[in-house]
Amino acid sequence: QVQLVESGGGLVQAGGSLRLSCAASGRTFSSYAMGWFRQAPGKEREFVAVISWSGGRSYYADSVKGRFTISRDNAKNTGYLQMNSVKPEDTAVYYCAASVHYGSAVRYDYWGQGTQVTVSS
């Protein structure tokens, strides 16, 4: 079992920055790829970014590429999502998730409870 807890969400103005954190506990965090997803009101949950077990590979949705950066610190059992140049359309509940596989469409076995990000125009 892996427990994931997100933090760092909040209200930010368009063009601003925010950093989300995902604290992991339980089984070895470095054994899992970590992904970030988001769900806006009335919309389906969508993939945002994923980072590999060691942090050597990462992949982003086109909508956030060049603005968001995913990273991890396995020594601290924590993952991050740095959000820059945010837009109102980035408003959503953001979830981190862990998978034994690397990718955007693989099965993610563990999920956090989510953190709200609201971008004002």
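- Here the closest heavy-atom approach between residue Phe68 and residue Val48 is recorded as CD2-CG1, 3.9 Å.
- Nearest approach of Ser21 to Thr78, heavy atoms of both residues: CB-CG2, 4.3 Å.
- A pairwise comparison of heavy atoms in Trp53 and Val100 identifies CZ2-O, 3.2 Å as the closest pair.
- Taking every heavy atom of both residues into account, Phe29 and Gly79 meet most closely at CZ-N, 4.0 Å.
- Minimum interatomic distance between Pro88 and Ser121 (heavy atoms only, all atoms of both residues): CG-CB, 3.9 Å.
- Environment of NZ in Lys43: sparse, with no more than 12 heavy atoms of neighbouring residues, nucleotides or ligands closer than 6.0 Å.
- Here the side chain of Tyr60 pairs a donor or acceptor atom with the backbone of Ile70 at under 3.5 angstrom.
- Here the side chain of Gln39 pairs no donor or acceptor atom with the backbone of Ala92 at under 3.5 angstrom.
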Candidate pair Lys87 and Asp90, rule salt bridge (charged side-chain N to carboxylate O under 4.0 Å, His left out), full reasoning: CA-CA 5 Å; Lys87 305 174 182 180; Asp90 294 323; over 6 Å; no
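- Distance alone, capped at 3.5 Å, places no donor-acceptor pair between the Arg57 side chain and the Ser52 backbone.
- For Thr115 (side chain) and Tyr94 (main-chain N/O), no donor-acceptor pair under 3.5 Å exists by modelled atom type.
- A single hydrophobic cluster is seen to contain both Val64 and Val12, as judged by linkage of ILVMFWY side chains at heavy-atom distances under 4.5 Å, directly or through other members.
- The closest donor-acceptor contact from the side chain of Tyr102 to the backbone of Ser58 lies under 3.5 Å.
- Scanning all heavy atoms of the two residues, the minimum distance from Glu6 to Cys96 falls at OE2-N, 2.9 Å.
- In the hydrophobic cluster analysis, where Ile, Leu, Val, Met, Phe, Trp and Tyr join through side-chain heavy atoms closer than 4.5 angstrom, Met83 is grouped together with Val119.
- Leu81 is not connected to Val2 by any chain of hydrophobic side-chain contacts under 4.5 Å among Ile, Leu, Val, Met, Phe, Trp and Tyr, and they are in different clusters.
- In this structure a side-chain-to-backbone donor-acceptor pair under 3.5 Å is missing from Gln82 to Thr69.
- For the atom pair Gln116 CD and Thr91 OG1, the distance stands at 7.5 Å (nearest 0.5 Å).
- Atom SG of residue Cys22 and atom CG of residue Asn77 lie 10.0 Å apart, to the nearest 0.5 angstrom.
- Relative orientation of the Phe37 and Trp111 rings is tilted, given thresholds of 30° and 60° on the angle between their planes.
- Hydrophobic side-chain contacts under 4.5 Å tie Val5 to no other Ile, Leu, Val, Met, Phe, Trp or Tyr residue.
- Two rings, from Tyr59 and Phe47, have their centers less than 6.0 Å apart.
- At most 12 non-hydrogen atoms from other residues, nucleotides or ligands lie less than 6.0 angstrom from CD of Gln13.
- Tracing side-chain contacts under 4.5 Å through hydrophobic residues (I, L, V, M, F, W, Y), one reaches Trp36 starting from Val117; they form part of the same cluster.
- Checking Asp109, Val50, Val106 one by one against His101, the side-chain contact (heavy atoms from CB on, under 4.5 Å) holds for a single residue, Val106.
- How far CG of Leu4 is from OH of Tyr32: 10.0 Å, rounded to the nearest 0.5 Å.
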